[in-house]
Amino acid sequence: MKKYLLLFCFLGLVQFAFGSTEREFLAPKDTIIVEFGTSGKIVLVIDNKEDFERLKKMNINQIISELDLKIDEKTGELVVVEVSGQKGTREIVKVTEDWNKTEVSVAGIRILVDETSPNTKVKIETGVKKKSDPPFRTYFAVDLGLNNYLDNNGQFPKTTQPYAVRGWGSWNVGLNFFASQRISKGFRFDLGMGVQWYNFKFENRDFQAVRGDEGIEFVQRNDVAGFKSKISASYLTTMGLFKLDFGRMNDQGRKGMRIALGPYAGYRLGGTSKYVYRPLEGGNRRKEHLNTGIFLNNFRYGIRGEVGFGRVNFFTTYDFNQLFQDGKGPELNPISFGIIF
């Protein structure tokens with residue numbers, strides 16, 4: 001009975017929420033007005049005498065039955081009023097029951113009734129809006145992370161290797177534009193294109209990557225005092241991601257976890273090595289830029305994964321092919337991880 005009383009109360013609130021005035025309650029036809037509280041009213045307008053006589057014989061349970069309201073057995077949701085239009089059906093009043101908790105939503109107002117304790121608690125929230133999840137949307141994302149690579153044994157190169165990478169300073173930067181298509185609730189496919197910059201900063205700054213006759217060479221510079229040594233490359237990349245958003249699946253917006261996985265492929269735009277040093281006899285720092293791109297693979301392909309919580313998103317990528325061409329350098333597969341803005 002409590003539930004049905006709440007339903008009728010909110011049917012009255014619908015009249016108020018959608019611009020009803022007191023004049024609407026002064027119906028010239030046979031009318032039944034049910035008043036509750038200080039200002040609540042339910043108005044039943046009868047067009048003919050037969051219906052009026054029939055209504056007088058009905059109790060509130062029979063009226064609910066005549067409305068043919070159905071409860072979702074799985075979620076406990078009861079939609080009381082719906083408005084149908086060209087854009088689909090819009091819910092106006094909805095009641096959700098879960099054991100001894102009841103939630104009623106109407107016109108942006110949500111009332112929560114909690115009877116788990118001896119004292120019933122009632123909470124009223126205004127401005128409640130359902131999180132939108134459009135079927136198709138576009139967005140821009142920025143990757144900021146760190147690079148490294150794995151050798152043919154699946155391990156990071158030892159620090160004794162001249163091409164061993166220093167973690168901090170080996171930046172990965174990506175600028176990506178995505179088109180996202182919803183497949184089902186909480187499940188989307190994102191197709192993106194962007195530009196990625198690889199930077200591999202060497203742990204041993206005394207070694208410089210130079211272009212040799214048969215491939216890339218790592219030369220130890222004893223004639224100068226080295227400060228920085230690295231290889232960089234840029235790629236035009238396209239990628240596809242299958243995304244699962246558990247928050248959207250449960251109507252919780254960004255409160256749930258998100259995961260994504262998909263392939264990518266890129267074409268190399270450039271590649272250089274950079275060496276910063278100072279002469280042993282003193283003086284200012286100097287830089288040397290050498291074209292080492294000729295020994296880098298022109299194509300890269302691999303797999304990308306993402307995981308997100310709230311407004312924070314992380315990514316990781318792994319190249320299935322090697323950074324250098326076969327026989328032109330050490331066998332290394334780039335790997336990256338970082339954060340998405």
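- With respect to Arg300 and Asp319, a salt bridge is recorded, a charged nitrogen being found less than 4.0 Å from a carboxylate O.
- With a 4.5 Å cut-off on side-chain heavy atoms, Leu296 and Leu323 count as touching.
- Here Asn250 contributes atom CG and Asp245 contributes atom CG; the two are 9.5 Å apart, rounded to the nearest 0.5 Å.
- Proximity of Arg137 to Arg188: side-chain heavy atoms (C-beta onward) are separated by under 4.5 Å at one or more points.
- A donor and an acceptor atom, one from each side chain of Asp143 and Asn176, are located under 3.5 Å apart.
- For Gly262 against Leu241, the heavy-atom pair with the smallest separation is N-CD2, 3.7 Å.
- Across all non-hydrogen atoms, the minimal contact from Gly271 to Asn291 is O-OD1, 3.3 Å.
- Between Tyr235 atom OH and Thr238 atom OG1 the span is 16.0 Å, to the nearest 0.5 Å.
- In this structure, Tyr198 and Ser234 have side chains that are not in contact, with every pair of non-hydrogen atoms separated by 4.5 Å or more.
- A side chain to side chain contact (heavy atoms under 4.5 Å, CB included) with Arg258 is found for exactly one of Asn313, Val307, Val312, Leu244, namely Asn313.
- In this structure, the separation between CG on Asn297 and NZ on Lys328 is 12.0 Å, given to the nearest 0.5 Å.
- A distance-only check finds no donor-acceptor pair linking the side chain of Gln325 to the backbone of Asn298 [under 3.5 Å].
- Among all heavy-atom pairs drawn from Ile231 and Ile216, the shortest one is CD1-CD1, 3.6 Å.
- Annotation for Asn148 and Pro157: closest pair OD1-CD, 4.3 Å, computed over non-hydrogen atoms.
- Val195 and Tyr267 fall into different hydrophobic clusters, where Ile, Leu, Val, Met, Phe, Trp and Tyr are joined by side-chain heavy atoms under 4.5 Å apart, directly or via other members.
- With Phe202 as the aromatic partner, Arg166 does not meet the cation-pi criteria of under 6.0 angstrom to the ring centre and within 45 degrees of the ring axis.
- Closest non-hydrogen pair, Phe189 versus Ile183, comes out as CB-CD1, 3.9 Å.
- For the residue pair Asn147 and Ser336, a side-chain donor N or O sits within less than 3.5 Å of a side-chain acceptor on the partner.
- In the hydrophobic cluster analysis, where Ile, Leu, Val, Met, Phe, Trp and Tyr join through side-chain heavy atoms closer than 4.5 angstrom, Leu332 is grouped apart from Phe320.
- Phe337 CZ: 12 or fewer foreign heavy atoms inside a 6.0 Å radius.
- At least one side-chain heavy atom of Ile303 sits under 4.5 Å from a side-chain heavy atom of Leu261.
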Start with the C-alpha distance between Ile294 and Arg211, add both sets of side-chain angles, then the distance that settles side-chain contact (heavy atoms from CB on, under 4.5 Å), and finish with yes or no. CA-CA 8 Å; Ile294 190 173; Arg211 176 179 173 180; 3.4 Å; yes
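- In the hydrophobic clustering of this structure, Phe207 does not group with Tyr275; members are Ile, Leu, Val, Met, Phe, Trp, Tyr whose side-chain heavy atoms approach within less than 4.5 Å, directly or through other members.
- Aromatic rings from Tyr149 and Phe200 are positioned such that their centres are separated by under 6.0 Å.
- The six-membered or imidazole ring of Phe324 lies away from that of Phe295, with a centre-to-centre distance of 6.0 Å or more.
- Between the side chains of Thr272 and Ser232, at least one donor N or O sits under 3.5 Å from an acceptor N or O.
- Phe242 and Met257 fall within a single hydrophobic cluster, where Ile, Leu, Val, Met, Phe, Trp and Tyr side chains are chained together by heavy-atom contacts under 4.5 Å.
- The closest donor-acceptor contact from the side chain of Asn204 to the backbone of Pro162 lies at 3.5 Å or more, if one exists at all.
- Judged by distance alone, with hydrogens and angles left aside, the side-chain atoms of Tyr163 form no donor-acceptor pair with the main-chain N or O of Glu203 at under 3.5 Å.
- A cation-pi arrangement is present between Arg221 and Tyr277 under the rule of less than 6.0 angstrom and at most 45 degrees off the ring axis.
- The one candidate from Lys287, Lys201, Arg285 that meets the side chain to side chain contact (heavy atoms under 4.5 Å, CB included) condition with Lys228 is Lys201.
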Pair Ile335, Phe156 - check side-chain contact (heavy atoms from CB on, under 4.5 Å), show working. CA-CA 10 Å; Ile335 185 172; Phe156 295 112; 4.1 Å; yes
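- By the rule that hydrophobic residues join a cluster once side-chain heavy atoms approach within less than 4.5 Å of another member, Ile340 and Leu175 end up as members of separate clusters.
- Side-chain contact check for Arg278 versus Phe227: some heavy-atom pair is nearer than 4.5 Å.
- To the nearest 0.5 angstrom, Leu146 atom CG is 11.0 Å from Thr316 atom OG1.
- Note that CZ of Arg311 is 14.5 Å distant from CZ of Phe341, once rounded to the nearest 0.5 Å.
- No hydrogens or angles considered: nothing links the side chains of Ser229 and Arg205 as a donor-acceptor pair under 3.5 Å.
- We find the CH2-CG distance between Trp171 and Asn199 to be 10.0 Å, quoted to the nearest 0.5 Å.
- Looking at heavy atoms from C-beta onward, Leu191 lies out of side-chain contact with Phe178 at the 4.5 angstrom threshold.
- Checked against side-chain hydrogen bond (donor to acceptor under 3.5 Å, both in side chains), Glu306 has the following partners two or more places apart in sequence or in another chain: Arg304.
- Using a cutoff of 4.0 Å between basic side-chain nitrogens and carboxylate oxygens, Asp190 and Lys243 are scored as salt-bridged.
- A donor-acceptor pair shorter than 3.5 Å can be found between the side chains of Gln196 and Thr237.
- Closest of all the heavy-atom pairs between Val165 and Ser170 is CG1-OG, 3.0 Å.
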